[in-house]
Amino acid sequence: MHKLINGIINLEFALLIFKETEHLLGGCLFSQGKSVGLRVSCTFLHCTIRHYSANACLLPLCQLHGAAVTTVEGIGSSKTRIHPVQERIAKAHGSQCGFCTPGMVMSMYTLLRNKLQPSMDDITQALAGNLCRCTGYRPIVDGCRTFCQETNCCQANGVGNCCLSGEVNTEEPEQEKPQLFDKNDFLPLDPTQELIFPPELILMAETASPQTLTFQGERMTWMSPASLEELVQMKTSNPKAPLVMGNTNIGPDIKFKGVLHPLIISPTQVKELFEVTQTPQGVWVGAGCSLSEVQSLLEKLVIQFSEEKTELFKALIHQLRNLGSQQIRNVAVTIIDSLVKIQFCLNPPAGRREVPLNQDFFVSFGKTILKPEEIAVAVFIPFSRKGEFVRAFRQAPRKESSFATVTTGMRVFFSEGSRVVQDVSIYYGGMGPTTVSAAKTCAALINRPWDDENLSRAYDILLDELALPPSAPGGKVDFRRSLTLSFLFKFNLEVLQKLREMNVIIDELPNKMQIHPLPKEIQPSLQEFQHVSNNQSNLDPVGRPIMHRSAISHATGEAVYCDDIPKTDGELFLAPVTSSRAHAKIVGLDVSEALQLPGVVDVITAEDIPGKKVRPFGGYTEELLAATEVSCIGQLLCAVVADTRAHAKRGASAVKISYEDLPEPVFTVEEAIEKLSFFEPRRVLEKGNVTEAFKSVDRVYEGEIRLGGQEHFYMETQSVLVVPVSEEKEFNIYISTQAPSFCQEAVAETLNIPSNRVTCHVRRIGGAFGGKVTKTAILASITAVAALKTSQAVRCILDRGDDMLISGARHPVLGKYKVGFMNDGRILAADVQYYANAGNTVDESVLVAEKIVLHMDNAYNIPNLRGRAAACRTNLPSNTAFRGFGVPQSIMVVENMLNDVAMVLGRPADQIREINMYKGQSVTHYKFEFCPENLLRCWDECKLKSDYSARCKTVDQFNQQNRWKKRGISIIPIKYGIAFTDSFLNQAAALVHIYKDGSVLVTHGGTEMGQGIHTKMQQVASRELHIPPSKIYISDTSTNTVPNTCPSAASFGTDANGMAVKNACQILYQRLEPIRQKNPKGSWESWVNAAFFEKMSLSATGFYRGPDLYIDWDKMEGEPYAYFTFGACCSEVELDCLTGDYRTVRTDIVVDIGRSVNPSVDIGQIEGAFMQGLGLYTLEELKFSPSGLLYTRGPSQYKIPAVCDVPLQFNVYLLPDTYNPHAIYSSKGIGEPVLFLGSSVFFAIKDAVAAARSESGLVGPFSLDSPATPERACLACASPFTQKIPASKPGSFKPWALNI
């Protein structure tokens, strides 16, 4: 550990920005970590050393005085020794793109520093604040599980039946199944080898007396008083100065809203704010104690005192466990919103005062009755009394690390032996700008018996008392009002149960009416794949679960991403300026104020572009920088170039744009349809005679489903560094893109120079999913213009909010269908219309529409089928490619249609699917012949592996026994076409060098973005050259080594580049044949050396000319895909009908991917795609304001799946004994297909909702749009409480958000 001294810092920096700006490496006091996990070991009060994980993006730099900060590089590296946590996450295949891996490592490392043998609950809590978009979390959890006490369970060691369950495996012994990793190979965890806390800091804490700390920055002063008296005086003198402890409120304002506070006061040295005092009435907790410390304190008190005294403590613990994440709770401080009083310190002579922390404490959003000069010193949490019951309930868009939709605290007090209410308190959050007291409802319950009659009256009073206008901020009005009733009902059930336990009432509550928490324990899972053949050489890595070649680098923080490239002298930073109007003329662009700001060098406008000012695509063009008119909020207008990131952002905020609004912007597909606003061409495919077929069917049903968009949310935002070379207008571009040649061409045309002067380098990408192609090229072009104009290197790294605003997302789709079927379930005709919201530019939207209709048949042979797809032109940010490229929307509509057919007929949906599946040699609706044998094998195997039939009966039994919780189960197939329909994209090249020492360098056209393509190429080269992978190095993808590359997309990267690498290696191996014949017993190195002296070339270019694919839209026929990847997935969920919350209890996936080149990589792709699909169909929502502004511009508003969303049992099976002659080594593309199988969770939720609706007498098809969020699921359940909510008349109000 090293000491760092830096006298010049920006006080507005959080720790993360400081580290990125300074580009610090190694295990020093501040070191580089690219993710949110940090260990903060602090000395405070009596030199106690505590280990905390924290968010580096929130942790203020000045707050770290006296703390030791350890990041991922500090605990281990490949240069010294790697830490067991780093090793296990890497070797358990818990790293794909690797951008999130340091955060995962540090969260687990912190847990182990505090608890050597954690439980699984400890692990899931520790990881709850970390996000991953690639892996699906299962391998991360499995790697961490090896530290867990429970790892000796036979099931955790890969045995299907657990000894604890009583089940016995009666099958005959078989060959031992291959495992993805062997935990016996792991380094042991040795706590004696951990980093010590710096003695200098210990000495400082023991000997130094507290003194006022002052840090002076460019625009801000940070002061930390040494005593309470000094704090009060400082606050009295500076009443507008905010107090910062955890920085969870002020930090986001500074970072995202540009709020400037000239003075910040940080009272972290004031010991009174951290004191805990116990009294006979309760406990005083210092207002500076973190939420984690409060939770820990309360957990100890619950054990120490009787149950009747700790009702409030347990309710608070319940809330705290789901409030934020562990990293947030470690720094966020205590203000607890329920049943407590708070003590303030005022400037003498006023002294101290105590006030109740009730509904009057909060006067408006973020404002309290606290006077500017007052300081909150402590919060009092009382003991509960005998006969007093306290509960807290919470509903949030995601189960953990999410702001609540509605939260509540409820308390009732009965005199001994009575059910008459003596006192009751009910408070709600999320029902207004402040905490709301249901005073009228409470008054109606006091002095009355706690019974159904009085509670029924209370529901009606509560509904009237907590009215929300239909246009209330935050939306979800009906859901929020329903939750207030549901929470009171839940409280009622729990109180009744308590009264029974106390023998106050004797009538039993039926088991069916009782409510238990949703299950949450993650179970060991199975990953089954096939052994390599017995005659395969042990040196041949193909088909083996090889660790990602960069996994160790990911886990140690040594992996270099675009923004990790060290800053060069004179380097500048570029910040974009975007439109604030959706449809307007630009009448003025004033950059004068921006140019006056410190550090600002220049402003780049459309006039500065020397070459093409637009990018062509699909017959349309898109402006690089808008010059005269804007067509969406977030459109790029200009860019500010400055010496630092902070100065560039400040300059961008100072640019003044004047607009003249244009009439009637178009936002929804309905508006686009009405105004015929489409990008042409619209696509149609049809087979049979749909119109005539409708005349001969038994039944016809019409329905529709709306699918929301989806943000890519790659962990690494759009990133580019353009470095001009000193001569002949040459540029090196370091960029995070899937399509380096596409970016090269865009930059060359923008700068009006030949492509041979532009070299694009891609080392690795921190996730992409289709979102780093078109917009990335535009950002690279603008950055290159800045580099050309300033003759300096220019870096552009988008903030998350700007990235989400600018870069586009998955297309929202409205699907309408008319289906004709027979009473036996056969579907004879279907007419499906798709409308995709393309946004303001064409991008790849027409191609997405094409793939939508090409995949609309999915697994079903519908003899008369018509599909039409239109890309709607709207005034929202342009949508773009996303993993699946329209297929997840296309098939979702068709599967919903089959579900509706099943509900009309009253038959299980799986039967309707089986009846209509392709069987025997088949022909698609575009006249392409294929064999569905492996599709049917996947389906049958999935039903067998998941024990589908027996579990359906178990689900039915569960639903009969439970009124307010329901289970649902669903099984869904997939048939996914692999390769590009545009045939020219199905090509690849590779360059392979052999050096005299025998080492091999491979370069190919694919980009590594987490899918493991470099690892697979290493395996291919190893097999073809007959050398171990350790001799092979994969260089970065660059346009000066492999030119004219095609994008890494369409699940075709390994297929194409693998064949190119194979071709190059075979050329070289064959070239060495004469040398081998002369010296058959020689070593690889001796052959290579001999070849050099024989003047043989040890370099070769490989090329792959892919299949000639096409689709003739006029004839409606063609061969658009090389082959199909098949799969099936069964998921089961448990749904809380009162809140819409659910857990995926189990998921079983069977996929035909041929012979896997690398099972660990492919299973990782399957799990990651499934979880991304689960997010698409059940969780992730893009919300736009009525003026077209994206509300959801960050992780606090937009929720992707977290560890809490992983199926509790997550099993993946690769279909054995399959063969694919169309791809390398008989493998299949796997990156995209499984994403759609996340819809199995959607349909399981819909199945559970149907069971809930049947309790209210509702049967038959019903509407449930995607994503099936808790809001939609709860309202669709049509419980008595949701039915109480009066419907708002459409058109009578302006909704908070558009229904996109």
Side-chain angles (χ1 to χ4, degrees), residues 96 124 128 131-141 396-402 518-520 522 525 707-713 767 769 809-810 882-884 887-889 891-892 895-896 942 946 967-972 974 1127-1135 1140-1149 1151 1163-1182 1198-1212 1231-1249 1264-1273:
Q96 289 186 22
T124 53
L131 295 177
C132 175
R133 197 55 154 164
C134 294
T135 65
Y137 300 101
R138 191 278 311 161
I140 298 171
V141 172
R398 190 174 60 207
K399 288 172 275 293
E400 294 175 351
S401 300
S402 178
L518 294 173
K520 65 175 185 177
I522 296 179
S525 301
L707 292 91
Q710 184 181 28
E711 164 61 30
H712 299 88
F713 215 96
F769 315 113
R810 188 188 297 280
F882 197 142
R883 194 179 201 171
V887 177
Q889 300 98 307
I891 304 179
M892 183 66 172
E895 291 294 344
N896 198 65
C942 187
S946 65
R967 286 202 172 189
I969 191 168
S970 176
I971 183 169
I972 300 290
I974 179 73
C1129 178
C1130 173
S1131 289
E1132 180 182 348
V1133 304
E1134 187 170 312
L1135 175 72
D1141 288 334
Y1142 78 94
R1143 282 307 295 248
T1144 307
V1145 177
R1146 177 174 168 180
T1147 290
D1148 294 89
I1149 304 175
V1151 192
I1163 289 173
Q1165 285 287 286
I1166 289 167
E1167 293 167 334
F1170 173 85
M1171 287 301 294
Q1172 206 166 44
L1174 180 146
L1176 168 65
Y1177 296 119
T1178 71
L1179 181 62
E1180 299 176 42
E1181 283 190 291
L1182 291 169
Y1198 186 83
K1199 297 301 175 186
I1200 68 170
V1203 171
C1204 60
D1205 299 295
V1206 178
L1208 299 181
Q1209 190 171 356
F1210 195 2
N1211 302 322
V1212 176
E1232 295 175 294
V1234 176
L1235 187 141
F1236 170 70
L1237 295 181
S1239 69
S1240 61
V1241 179
F1242 173 95
F1243 287 110
I1245 291 172
K1246 194 166 186 179
D1247 187 45
V1249 169
L1264 182 64
D1265 288 335
S1266 173
T1269 58
E1271 174 192 12
R1272 289 194 173 117

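We're numbering straight along the sequence, starting at 1.
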Rounded distance (nearest 0.5 Å) linking atom [atom1] of [X] with atom [atom2] of [Y]:
{"X": "Glu711", "Y": "Glu1180", "atom1": "CD", "atom2": "CD", "value": "8.5 Å"}
{"X": "Leu1235", "Y": "Ile891", "atom1": "CG", "atom2": "CD1", "value": "10.5 Å"}
{"X": "Asp1265", "Y": "Leu707", "atom1": "CG", "atom2": "CG", "value": "7.5 Å"}
{"X": "Leu1135", "Y": "Lys1246", "atom1": "CG", "atom2": "NZ", "value": "14.0 Å"}
{"X": "Thr1144", "Y": "Leu1208", "atom1": "OG1", "atom2": "CG", "value": "7.5 Å"}
{"X": "Leu1174", "Y": "Ile1200", "atom1": "CG", "atom2": "CD1", "value": "11.5 Å"}

With a 4.5 Å heavy-atom cut-off, do [X] and [Y] have their side chains touching?
{"X": "Val1206", "Y": "Val141", "result": "no"}
{"X": "Tyr1142", "Y": "Val1241", "result": "yes"}
{"X": "Pro1233", "Y": "Val1151", "result": "no"}
{"X": "Cys1129", "Y": "Thr1147", "result": "yes"}
{"X": "Phe1242", "Y": "Ile972", "result": "no"}
{"X": "Cys134", "Y": "Phe769", "result": "yes"}

I'd like to know if the side chain of [X] and the backbone of [Y] have a donor-acceptor N/O pair within less than 3.5 Å.
{"X": "Asp1247", "Y": "Ile969", "answer": "yes"}
{"X": "Arg133", "Y": "His712", "answer": "yes"}
{"X": "Arg138", "Y": "Pro1207", "answer": "no"}
{"X": "Arg1143", "Y": "Cys1204", "answer": "yes"}

- request: Show the numbers, then the answer: is there a side chain to side chain contact (heavy atoms under 4.5 Å, CB included) between Phe1243 and Asn896?
  value: CA-CA 8 Å; Phe1243 287 110; Asn896 198 65; 3.7 Å; yes
message: My understanding is that only one of Ser1240, Ser1239, Pro1267 makes a side-chain contact (heavy atoms from CB on, under 4.5 Å) with Tyr1177; could you say which?
response: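 For Tyr1177, the side-chain contact (heavy atoms from CB on, under 4.5 Å) check succeeds only for Ser1239.
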Asp1205: partners by salt bridge (Lys or Arg N to Asp or Glu O under 4.0 Å), with sequence neighbours left out: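 By the salt bridge (Lys or Arg N to Asp or Glu O under 4.0 Å) rule, Asp1205 matches Lys399.
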message: Once salt bridge (Lys or Arg N to Asp or Glu O under 4.0 Å) is applied, do any residues pair with Glu1232, and if so which ones, sequence neighbours excluded?
response: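 Checked Glu1232 against salt bridge (Lys or Arg N to Asp or Glu O under 4.0 Å); zero matches.
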message: Test side-chain hydrogen bond (donor to acceptor under 3.5 Å, both in side chains) on Ser970 and Ser1131; report intermediate values, then the result.
response: CA-CA 6 Å; Ser970 176; Ser1131 289; over 6 Å; no
Determine the minimum heavy-atom distance between [X] and [Y], stating which atoms define it.
{"X": "Ala128", "Y": "Ser401", "answer": "O-OG, 3.2 Å"}
{"X": "Ala809", "Y": "Leu1182", "answer": "CB-CD1, 3.7 Å"}
{"X": "Gln710", "Y": "Gln1172", "answer": "NE2-O, 3.0 Å"}
{"X": "Phe1170", "Y": "Leu1237", "answer": "CE1-O, 3.5 Å"}
{"X": "Leu518", "Y": "Glu1134", "answer": "CD2-O, 3.6 Å"}
{"X": "Pro1201", "Y": "Met1171", "answer": "CG-O, 3.4 Å"}

field: Aromatic centroids of Tyr137 and Phe1210 separated by under 6.0 Å
entry: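 Between Tyr137 and Phe1210, which both carry aromatic rings, the centre distance is not below 6.0 Å.
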Stepwise side chain to side chain contact (heavy atoms under 4.5 Å, CB included) test for Val1234 and Glu1167: CA-CA 8 Å; Val1234 176; Glu1167 293 167 334; over 6 Å; no
query: Could you walk me through whether Gln1165 and Gln96 pass the side-chain hydrogen bond (donor to acceptor under 3.5 Å, both in side chains) check?
result: CA-CA 9 Å; Gln1165 285 287 286; Gln96 289 186 22; 3.1 Å; yes
message: What verdict does the side chain to side chain contact (heavy atoms under 4.5 Å, CB included) test give for Glu400 and Val1203, after you've listed the backbone C-alpha separation in whole Å, the side-chain angles of each residue and the deciding distance to 0.1 Å?
response: CA-CA 9 Å; Glu400 294 175 351; Val1203 171; 5.7 Å; no
field: side chain to side chain contact (heavy atoms under 4.5 Å, CB included) between Glu1181 and Arg1272, intermediate numbers included
entry: CA-CA 12 Å; Glu1181 283 190 291; Arg1272 289 194 173 117; 3.9 Å; yes
